[in-house]
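The shown structure was predicted, so the numbers you read here are calculated from the model rather than taken from an experiment.
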Amino acid sequence: MQIYEDRKSLLRPFLFGVTLTYVAIDNILNGPLREYMSKYFDLKEFGTNTREEYLYYLILFLGVLQILLSLQSLFLPVIEVIDTKIVLRTKEKTLSVIRDVSDIKNLNIKDNSYLVFSFDDAQYNVNVKDVLANEISDLYTTLNIKEEDKTSRKID
């Protein structure tokens, strides 16, 4: 079983990254946007102002990073259950967390946007804000854990 983020929620960050990348590349290569802006602002050749050059390289880096993160979220599942193992993508760990399904002590929903997996030695928060509700219900069924009522959810 694999649980992915909703594809519609990934469209906005992807387009934001494409826009940042376009603006940076256009200004670095003296494209049409830079020529249009030079009509209204006193812009010299690219590279004559070091601060401007660093700014556009920073914008290019941020745009490419946003595109890569959006594509990563598109292809990598947030939660994956494989036989007796569970793979979690969390913000606490850089790499995915791989644990045994039998080691799960408790599973709670926190603030309707985080699924808290409690193990003996650690607790992991998985962002499920952009995950469909029926997929979370299927996860409870797959793990053989009773889903708690929405009115009696614990808030940590």
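Considering L11, L69, L10 in turn, L10 is the only one that fulfils the side chain to side chain contact (heavy atoms under 4.5 Å, CB included) rule with L74. Remark: of the listed residues L76, N127, V126, L76 is the sole one forming a side chain to side chain contact (heavy atoms under 4.5 Å, CB included) with R89.
Side chains of L20 and Q66 form no contact here, defined as non-hydrogen atoms less than 4.5 Å apart. Counting heavy atoms from C-beta outward, K85 and D83 have side chains that stay 4.5 Å or more apart. Put simply, the side chain of V101 reaches to within 4.5 Å of the side chain of V81, judged on heavy atoms. Looking at heavy atoms from C-beta onward, F117 lies in side-chain contact with I79 at the 4.5 angstrom threshold. You'll find the side chain of F119 stays beyond 4.5 Å of the side chain of Q123, heavy atoms only. Proximity of P32 to D26: side-chain heavy atoms (C-beta onward) are separated by under 4.5 Å at one or more points. Using a 4.5 Å heavy-atom cutoff, the side chains of L115 and Y124 are not in contact. The shortest side-chain heavy-atom distance between K105 and D120 falls under the 4.5 Å cut-off.
F75 and I82 sit in two unconnected hydrophobic clusters of ILVMFWY residues. Membership requires side-chain heavy atoms under 4.5 Å apart, directly or through other members. Connection of L15 to L62 is not established within any shared hydrophobic cluster, with ILVMFWY side chains joined at heavy-atom distances below 4.5 Å, either directly or through further cluster members.
Annotation: salt bridge (charged side-chain N to carboxylate O under 4.0 Å, His left out) contacts involving residues 8-21, sequence neighbours excluded, are absent.
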Does Y114 form a side-chain contact (heavy atoms from CB on, under 4.5 Å) with I109? I'd like the steps, not just the answer. CA-CA 6 Å; Y114 288 98; I109 296 177; over 6 Å; no
Working note: T90 + V97, criterion side-chain contact (heavy atoms from CB on, under 4.5 Å); need CA distance, chi angles, decisive distance, verdict. CA-CA 8 Å; T90 66; V97 176; 4.2 Å; yes
Worked verdict on I86 versus L88 for side-chain contact (heavy atoms from CB on, under 4.5 Å): CA-CA 7 Å; I86 188 165; L88 307 171; 3.9 Å; yes
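Between the OH atom in Y22 and the CG atom in N27 there is a gap of 9.0 Å [rounded to 0.5 Å]. Separation of atoms CD1 (I98) and CD (E80) is listed at 9.0 Å; rounding is to 0.5 Å. Between atom OH of residue Y56 and atom CD of residue E52 there is a gap of 5.5 Å, rounded to the nearest 0.5 Å. To the nearest 0.5 Å, atom CG of residue N125 and atom CG of residue N108 are 10.5 Å apart. Note: I104 CD1 to S118 OG = 9.5 Å, rounded to the nearest 0.5 Å.
Of all non-hydrogen atoms in S70 and F14, the two that sit nearest each other are OG-N, 3.4 Å.
With sequence neighbours left out, the side chain to side chain contact (heavy atoms under 4.5 Å, CB included) criterion links T21 to I25, L60, V64, I67.
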